[in-house]
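In what follows, chains carry the letters A, B, and so on, assigned in the order in which the sequence lines appear, proteins first and then strands, with residues in each chain numbered from 1. Since the model is a prediction, treat every value here as computed from it, not as a measurement.
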There are 2 protein chains.
Amino acid sequence: MLKDIIENSHNYQPGLSIDCVIFGFHDNQLKVLLIKVNQSEKWSLPGGFVPIDQDIDTAAVTILNQRTGVEGVFLRQFATFGKIKRNDNHFGAAVLEHLNIDQEKGKWFTQRFVTIGYYALVDFLKIIPNAVNQYDIVEWIDHKEVPDLILDHREILDKALDTLRTELNLMPVGYNLLPEKFTIPELQKLYETILDKKLDRRNFLRKITNIGILTKLDEKKSNVAHKAPNLYSFDKEKYDEVLKNGLNQGW
Amino acid sequence: MLKDIIENSHNYQPGLSIDCVIFGFHDNQLKVLLIKVNQSEKWSLPGGFVPIDQDIDTAAVTILNQRTGVEGVFLRQFATFGKIKRNDNHFGAAVLEHLNIDQEKGKWFTQRFVTIGYYALVDFLKIIPNAVNQYDIVEWIDHKEVPDLILDHREILDKALDTLRTELNLMPVGYNLLPEKFTIPELQKLYETILDKKLDRRNFLRKITNIGILTKLDEKKSNVAHKAPNLYSFDKEKYDEVLKNGLNQGW
């Protein structure tokens, strides 16, 4: 597919690519969707190029689908990366050689690519990675165990994670990531996993309650040895309202 | 200068541009730095192209300087705009005609440009706009009175303003924008101007005090008819700490 693109490079926006950072929450782990293409020793973020007749936001969704089979994810643009050294000629030349493309003909591929980063936090269970190309591998990998990535993909991943953590101060998370009924400790665990730190139980309870998006149910968690914790659900209407207006209507 | 660039387009990243949204605060107005180039009826954001041998962040600073004479501003990237329709052929063709450049030779200029938006909130008094080109006009314009802008520059400006408002929930503002000693009502006015809404006096006082970046001085504002309000200054060390760690260390 890359060979196809390089040989038809006039159909693609020159020097521009897109990379997707897809986070999933499962088993108290924050995982990230990575891909390993056959010619590479290293893993990379799922990414690709922008057709000249496509909006960049559309291209991002298409690329994610074509590389991983993932559909219907709401992708958010978070930053654009454009250091001159980000893809050195070396990398491009090696790929061209592997693909058996003449260096002169493949010149388009060896220029500096500016890449637009998109990210999403998705329901791990609803996203079944599926390499579209039989030679590729697509996998969920715990963000704490991410191996060496190609180019500056580590920097892109780190920036996406920073953005996700900042977003926690701006909007609620949890809907679609937790079961319909959940306990406060479960919700706290989600926050702790994303933030990668322990939170004070009482502070968390106070703050999360103040947002006003939780409905306390008349049920307790079953199968719990000692004091059974209360179950909650999201008040979807209020949740969406806060999502729209932001957490801190404070000023 | 544009003619120069188009005629030496091989030195520039193809299909990529940068636009800068510079906000300044003065006289209780939030102003934005706009430019009017001689061949245009309309105003635009100061922008330009990315040399192939420059990092995009460096290019942004250079472009702002070359178009407006403005130096030493800390620019933050906020979003990248890449709809296919954002610069139609029409616009490009008209510019080429005006510059007396053959349409075929100027083809580089009529492709779709993806533009990276950068913004800054600066001390109005320290930034003296200065058109580098004698045919251009550079001016501070109240953001509420911005005239028609070229291309999608209105959308870029609106998005920058949204980002600035969101940032108020993440970090303090005011240092460098207010005099060294200021009153709480003056600081509140800054917030109200950026947010474009009235804030409750007591709520504001409580919230801004809670951040812990203000030092109450043993002085009152002079030249005030009735009850003289207290003067404050920023505790720069704490201010920088909050700037670095964010406002909501809450979770």
Query raised in the report: Is the side chain of A:Gln77 donor-acceptor paired with the backbone N or O of B:Ala79 at a distance under 3.5 Å, no angle test?
Result: no
Report summary line: Rounded to the nearest 0.5 angstrom, the CZ-OG1 distance for B:Phe81 and A:Thr80 is 10.0 Å
Query raised in the report: To the nearest 0.5 Å, how far apart are NZ in B:Lys83 and CG in A:Asp57?
Result: 8.0 Å
Query raised in the report: Just wondering, more than 12 heavy atoms not from A:Arg201 lying within 6.0 Å of its CZ?
Result: no
Report summary line: Taking every heavy atom of A:Ile84 against every heavy atom of B:Asp53, the minimum-distance pair comes out as CD1-O, 3.4 Å
Report summary line: Under 4.5 Å to a heavy atom of chain B? For A:Gln54 that would be backbone
Query raised in the report: Between A:Gln111 and B:Pro14, what is the shortest heavy-atom contact and its length?
Result: OE1-CG, 3.7 Å
Report summary line: Heavy-atom closest pair (A:Val50 atom, B:Arg112 atom, distance to 0.1 Å) is CG1-NH2, 3.5 Å
Query - Atom CZ of A:Arg206: over 12 foreign heavy atoms under 6.0 Å - result: yes
**Report entry** NZ (A:Lys3) with more than 12 external heavy atoms under 6.0 Å
**Finding:** yes
Query raised in the report: Given that the side chain runs from C-beta out, which part of A:Thr166 has a heavy atom under 4.5 Å from chain B: side chain, backbone, both or neither?
Result: both
Query raised in the report: Heavy-atom distance under 4.5 Å to chain A: side chain of B:Phe78, backbone, both or neither?
Result: neither
Query raised in the report: Passes side chain to side chain contact (heavy atoms under 4.5 Å, CB included), B:Leu170 versus A:Asn169? Steps please.
Result: CA-CA 8 Å; B:Leu170 296 171; A:Asn169 292 321; 4.1 Å; yes
